[in-house]
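See below for the structure under consideration.
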Amino acid sequence: MHTDQTMDQQVNVAENGYGAENIQVLEGLEAVRKRPAMYIGDVGLRGLHHLVYEVVDNAIDEALAGYCDRIEASIHEDGSVRVVDNGRGIPVEEHPKEKRSALEVVMTTLHAGGKFDKDTYKVSGGLHGVGVSCVNALAVTLTATVRRDGYEWRQGYAYGKPLGPVVRGRALRPDEETGTEVTFRPDPDIFSETEFRFDTLSGRLRELAYLNRNVRIAIEDFREEEEALRREEYHFEGGIVEFVDYLDETRTAIQEETIYISEENAEVPVELAMRYNASYTENVLSFVNNINTHEGGTHISGFRRALTRTLKTYAEKNNLVKNAKVDLSGDDFREGLTAVLSVRVAEPQFEGQTKTKLGNSEVQSAVETLVNEKLGQWLEDHPRQTKSIVEKVILAAQARLAARKARELVQRKSAFSGGGLPGKLADCASRKPEESELYLVEGDSAGGSAKQARDRHFQAILPLRGKILNVERARLPRILENEEIRNMVTALGTGLVGLEDSFDLSRLRYHKIILMTDADVDGAHIRTLLLTFLYRHLRPLFESGYVYVALPPLFKVQSGRREHYLWTEDQLAAKLQELRAQGKSRIAIQRYKGLGEMNPEQLWDTTMDPATRRLQRVTVEDAAVADRVFSTLMGDAVEPRRQFIERNARYATIDA
């Protein structure tokens with residue numbers, strides 16, 4: 001390193017307190033390429049997009065520390081992604097212990113970064129700090145450009161290894177901002193798919209912009225030909241209040257304004273935005289240091305206790321429930337509630353390795369105390385809106401009672417009782433849930449073929465007639481009246497979430513629930529209706545990884561006596577080219593549109609045999625996006641659905 005800029009660097013480090021000595025090194029990078037799923041979740045689309053989130057998380061940490069207010073992400077035609085921020089820039093001077101540039105240490109060493117040094121970042125997110133080095137290890141190429149200490153610095157990498165030392169480039173202009181720029185292209189030998197989805201990335205970046213109101217985040221897709229759809233920019237001065245309004249855009253609100261509660265200067269800073277709508281589902285999103293805590297934790301417990309106590313106390317004090325003749329439970333206060341709860345915790349304790357459940361006990365009392373005080377004050381100041389909320393709660397309690405009576409009636413007919421499985425269910429012999437599979441099959445004819453094709457030891461078949469009820473627009477009593485839904489719930493054995501204390505995951509009879517529908521538009525619609533029901537009323541099944549979609553083949557190519565099953569147009573073209581190159585001229589092509597077109601033997605070979613079938617596990621990576629997609633596609637509002645179709649038309653499979 002040149003001696004003439006060392007003094008300038010030391011002065012700069014002293015000013016912003018972020019230098020090479022703040023980078024703590026815990027271990028090396030060797031295992032990442034061998035076992036990538038251990039570090040980023042999987043090597044499918046989810047893991048692919050996680051690479052971008054890791055780079056963006058570094059920029060967000062700079063924003064949380066007060067040094068960054070602009071982040072730009074872009075997807076390029078060559079399959080690469082670039083993330084640029086205007087933070088302090090990753091340190092480039094020599095690391096005191098490693099004796100090489102701190103930039104190289106950060107980029108090539110696992111668990112190396114400023115987030116392990118509490119003087120650098122008071123709070124930080126990221127996937128346990130595996131950070132950008134993980135991205136580097138799983139990228140064919142990565143280039144890091146840093147603007148700090150008066151110069152632009154650059155280093156290139158291939159498969160996680162430096163192509164050379166950190167190079168000092170041009171001098172920065174006097175008015176030029178500092179910052180970091182990372183451009184990378186994922187390794188196709190590791191990822192099953194390398195095409196980034198604009199909507200997946202924009203959903204997470206939009207979420208981050210809501211949670212960090214002072215940061216402007218943009219995403220640009222240079223693959224998009226239509227200029228109006230190419231770029232989106234997010235900056236929400238209203239923060240999580242605007243987030244709640246966005247989540248509820250497709251729903252009918254029952255109060256005039258979103259309730260906002262915050263305490264930024266406390267030991268545990270808390271922000272809460274909430275409002276009630278006319279729907280029947282609870283949608284509460286919780287975040288700790290920008291990390292979505294899917295499984296909740298102590299912050300959610302504190303919020304729920306305070307919400308129930310405060311609203312119940314107000315309602316009783318003002319005689320709003322005197323004539324209701326119904327006992328109110330915690331679930332009643334959350335029907336139709338959309339809320340975003342964000343807390344900042346210096347030393348978060350997450351249960352498990354997925355960072356989805358907060359364990360810090362002090363956070364519960366911090367949230368509970370704040371919500372008790374501030375929500376109670378809001379209720380007193382807005383009596384008319386509070387009355388509408390309490391009326392909604394009473395209706396929810398009455399519906400819960402009606403649902404209980406409906407369930408008891410069904411139980412008397414032995415639909416929910418332990419011995420009375422649905423007549424349509426062809427159950428398996430095994431009583432071990434971990435090896436048992438339940439196929440939910442579209443139509444009686446395909447159900448009949450599946451019953452003949454299955455392995456009776458571990459595969460159960462439940463045929464479904466027609467399209468089930470759209471549960472997005474129905475309350476629980478009406479849902480329980482639907483015979484197909486009753487059959488599903490009975491077969492699964494868990495009960496429903498939200499039906500008092502009836503849900504018990506340990507009673508689940510199958511650990512693989514496989515949706516098997518036709519490969520046409522009607523099949524896709526039935527699959528969406530089934531996923532909506534499972535997401536709204538049996539969501540823990542997704543969180544446990546028990547829900548799958550069967551992928552039957554689209555084509556059968558016959559050449560002589562040999563049959564080839566193919567799942568995509570590209571596979572079909574490649575197979576036809578291969579057969580013609582072998583001199584085969586008599587080739588028959590069949591396009592499957594329905595499961596009923598296959599005989600039992602074909603159905604077993606292509607869709608049910610564990611050795612040859614293709615299954616897609618359905619997971620919920622982003623609850624906000626999942627909720628919005630279901631409410632957009634299955635709700636009452638038409639305009640958001642039209643916009644969704646326009647934006648996603650490029651990914652559509654046309655059934656023509």
Side-chain angles (χ1 to χ4, degrees), residues 248 251-255 274-284 296 300-301 303-316 318-339 379 386-413 415-417 468-486 488-490 492-505 507 532-541 627 630-631 634-635:
D248 266 7
R251 300 184 176 100
T252 305
I254 64 165
Q255 58 186 94
M274 55 177 275
R275 76 184 300 168
Y276 283 88
N277 58 65
S279 78
Y280 312 120
T281 53
E282 172 194 357
N283 183 26
V284 177
I300 282 291
S301 301
F303 166 62
R304 286 180 169 170
R305 284 176 56 162
L307 177 75
T308 302
R309 183 187 299 130
T310 309
L311 265 171
K312 198 170 189 178
T313 302
Y314 179 91
E316 287 170 352
N318 291 276
N319 294 322
L320 296 177
V321 290
K322 189 172 60 175
N323 300 320
K325 296 178 182 174
V326 64
D327 289 327
L328 305 180
S329 78
D331 286 339
D332 302 328
F333 290 96
R334 299 193 298 272
E335 184 188 278
L337 172 68
T338 298
L379 298 177
T386 303
K387 190 180 178 190
S388 300
I389 293 170
V390 174
E391 285 169 356
K392 164 84 175 168
V393 171
I394 291 168
L395 278 173
Q398 290 168 342
R400 177 172 51 82
L401 278 180
R404 187 204 292 162
K405 287 174 183 171
R407 184 178 59 165
E408 287 167 356
L409 182 65
V410 170
Q411 281 174 332
R412 280 198 291 274
K413 294 176 181 175
F416 272 153
S417 62
I468 69 162
L469 179 72
N470 178 2
V471 301
E472 192 71 17
R473 306 179 192 178
R475 257 208 171 99
L476 215 44
R478 188 168 164 227
I479 291 168
L480 288 172
E481 289 170 7
N482 185 276
E483 186 184 350
E484 305 302 315
I485 288 177
R486 284 207 312 270
M488 275 191 284
V489 178
T490 307
L492 292 170
T494 59
L496 290 178
V497 173
L499 194 56
E500 302 194 287
D501 296 322
S502 77
F503 183 82
D504 182 355
L505 191 62
R507 296 203 310 257
T532 305
F533 164 66
L534 293 172
Y535 182 76
R536 293 302 188 201
H537 295 283
L538 291 161
R539 185 162 154 188
L541 299 184
D627 174 78
F630 280 119
S631 64
M634 310 307 286

Query - Evaluation steps, side-chain contact (heavy atoms from CB on, under 4.5 Å), between Phe333 and Thr310 - result: CA-CA 10 Å; Phe333 290 96; Thr310 309; over 6 Å; no

Requested in this report: Just jot down the side chain to side chain donor-acceptor pair (under 3.5 Å) partners of Ser279, sequence neighbours excluded, or say none.
Outcome: Asn277

Report task. Could you pull out all residues at least two apart from Thr281 that satisfy side chain to side chain donor-acceptor pair (under 3.5 Å)? Result -> none

Report task. Measure the CD-CG distance between Glu316 and Leu328 for me, rounded to the nearest 0.5 Å. Result -> 7.5 Å

Query raised in the report: Does any non-hydrogen side-chain atom of Arg334 lie less than 4.5 Å from one of Met274?
Result: no

**Report entry** Value rounded to 0.5 Å, distance of CG in Leu320 from CG in Leu311
**Finding:** 10.0 Å

Query raised in the report: Should Leu476 and Arg400 be marked as a side-chain contact (heavy atoms from CB on, under 4.5 Å) after you check the CA-CA gap, both sets of side-chain angles, and the distance that decides it?
Result: CA-CA 7 Å; Leu476 215 44; Arg400 177 172 51 82; over 6 Å; no

Query raised in the report: What are the two closest heavy atoms between Ala399 and Pro477, and how far apart are they?
Result: O-CG, 3.6 Å

Requested in this report: Please confirm whether the backbone N or O of Ala278 pairs with a side-chain atom of Thr252, one donor and one acceptor, at under 3.5 Å?
Outcome: no

Report task. Name all residues meeting the salt bridge (charged side-chain N to carboxylate O under 4.0 Å, His left out) criterion together with Glu335; count only those two or more places apart in sequence or in a different chain, and write none if there are none. Result -> Lys392, Arg475

**Report entry** Where Arg507 and Gly493 come nearest, the two heavy atoms and their spacing
**Finding:** NE-O, 3.1 Å

Report summary line: Between Ala474 and Leu469 the two heavy atoms that sit nearest each other are CB-CD2, 3.9 Å

**Report entry** Residue from Leu480, Ile479, Ile485 passing side-chain contact (heavy atoms from CB on, under 4.5 Å) with Asn482
**Finding:** Ile485

Query - Side-chain heavy-atom pair Val390, Asn318 within 4.5 angstrom cut-off - result: no

Query raised in the report: If you look at every heavy atom in Leu538 and Val497, which pair is closest and at what distance?
Result: CA-CG2, 4.3 Å

Query raised in the report: Going through the checks in order, is the side-chain contact (heavy atoms from CB on, under 4.5 Å) test met by Gln398 and Leu401?
Result: CA-CA 5 Å; Gln398 290 168 342; Leu401 278 180; 5.7 Å; no

Report summary line: So OH of Tyr276 and OG1 of Thr338: to nearest 0.5 Å the spacing works out to 10.0 Å

Query raised in the report: In Å and rounded to the nearest 0.5 Å, what is the CD to CE distance from Glu483 to Met488?
Result: 11.0 Å

Requested in this report: Applying side-chain contact (heavy atoms from CB on, under 4.5 Å), run through Asp332 and Leu395 and close with a yes or a no.
Outcome: CA-CA 8 Å; Asp332 302 328; Leu395 278 173; over 6 Å; no

Requested in this report: Rounded to the nearest 0.5 Å, what's the gap from CZ on Phe503 to CZ on Arg539? Could you check?
Outcome: 12.0 Å

Query raised in the report: To the nearest 0.5 Å, what is the distance between CD (Glu484) and CD1 (Ile468)?
Result: 8.5 Å

